[in-house]
Amino acid sequence: MPVLCLIANPNDSELDPALAAAIAGQTGGELNWLNHAIACEIIEPKSTDALDIARQIIGQRRVDAAIVPTEQRRKQILIADMDSTMIEQECIDELAAALGIKEQVAEITDRAMRGELDFGQALDTRVALLKGLERKVVEQVRREQITLMPGGRALVQTMKAYGAYTSLVSGGFTLFAEYFAKRIGFDEAVANVLEFDGEQLTGTVTKPIVDKDTKRERLVALAAERNLQLSQTIAVGDGANDLDMIRIAGFGVAMHAKPAVAAEAGIRIDHGDLTALLYLQGYSDEEIVR
Ligand SMILES: [Mg+2]
């Protein structure tokens, strides 16, 4: 049974009851609010092109729309990208800023995340530029320059409360991924290891690197270990290296993603925060662990 989800950003909602009623009026189906004026679902829309109808009526308003099946709607595995998905920055760009070369590195990051460059080569090139950076500066960047994406803790804590396993898989670095995984509440973190010579970065990462294949393989392995089908999983990311795991997950979510990623993903969230992933799964406001 299909459900049409309408989701806004809790801090800036343009989803009012009139808009939801207007959409339900056109698509048919039963309107049910998950969080008043922030997220609702239209159960069993009658139109076959309900998503197109919803998007047309939404127009320029900052409201996301997605159609999901109700079968196995609450997922048992969450696998998430870190940079620009669970945190608001790209760690490597912030490390580069400490060396005064942010612009140069950020341009490569952006192109790699758009899928225009080979991920491994782009990683090597950028990490080489960080050679000599001191460990204490890395830790300072981690402490002072990184902010958590809104809704991330609620997403992880709620899914865990309902029995899911949560994994942070990052093409970034363990120094960040392990730290933020712990703060957010993830069960595990997988990321690249920056190599040190004493207290300074050598400009290299341990091989083999965590790339798009690692992310996809981790999702497949986690599902197998827990006797789950991929349809019982949800993956979220914003970059080209997330697309393979997004494609095979039950719910594959492109989160404020690069255009090529958003176009390919089953579900795109352009306006909502990370609690959008809970509303997609049918969690109501009262069920969300905050
Ligand atoms: Mg990312």
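Note that ligands are numbered from 1 as they come in the structure, with each ligand's atoms numbered from 1 the same way.
Within the 3.5 Å criterion, the main-chain N or O of Ala22 finds no donor-acceptor partner in the side chain of Gln26.
A salt bridge links Glu41 with Arg73: the distance from a Lys NZ or Arg NE/NH1/NH2 to an Asp or Glu carboxylate oxygen falls below 4.0 Å. Between Lys215 and Asp242, at least one side-chain N (NZ, or NE/NH1/NH2) sits under 4.0 Å from a carboxylate O, which counts as a salt bridge.
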Tabulate below the donor-acceptor pairs under 3.5 Å that side-chain atoms of residues 185-194 make, not counting sequence neighbours, or state none.
{"from": "Asp187", "atom 1": "OD2", "to": "Thr166", "atom 2": "N", "distance (Å)": "2.8"}
{"from": "Asp187", "atom 1": "OD2", "to": "Thr166", "atom 2": "OG1", "distance (Å)": "3.0"}
{"from": "Glu188", "atom 1": "OE1", "to": "Tyr165", "atom 2": "OH", "distance (Å)": "3.0"}
{"from": "Glu188", "atom 1": "OE1", "to": "Arg218", "atom 2": "NH2", "distance (Å)": "2.8"}
{"from": "Glu188", "atom 1": "OE2", "to": "Ser167", "atom 2": "OG", "distance (Å)": "2.5"}
{"from": "Glu188", "atom 1": "OE2", "to": "Arg218", "atom 2": "NE", "distance (Å)": "2.9"}
{"from": "Asn192", "atom 1": "OD1", "to": "Val210", "atom 2": "N", "distance (Å)": "2.6"}
{"from": "Asn192", "atom 1": "ND2", "to": "Gly171", "atom 2": "O", "distance (Å)": "2.8"}
{"from": "Asn192", "atom 1": "ND2", "to": "Val210", "atom 2": "O", "distance (Å)": "3.4"}

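Counting only residues at least two apart or on different chains, no ring pair (Phe, Tyr, Trp, His ring centres under 6.0 Å) pair has a member in residues 45-70. Residue pairs satisfying the ring pair (Phe, Tyr, Trp, His ring centres under 6.0 Å) criterion with at least one member in residues 28-52, sequence neighbours excluded, are listed as follows: Trp33-His36.
For a distance threshold of 2.8 Å, the protein N, O or S atoms nearer than that to the Mg ion (ligand 1), listed by chain and number, are Asp81 OD2, Asp83 O, Asp238 OD1.
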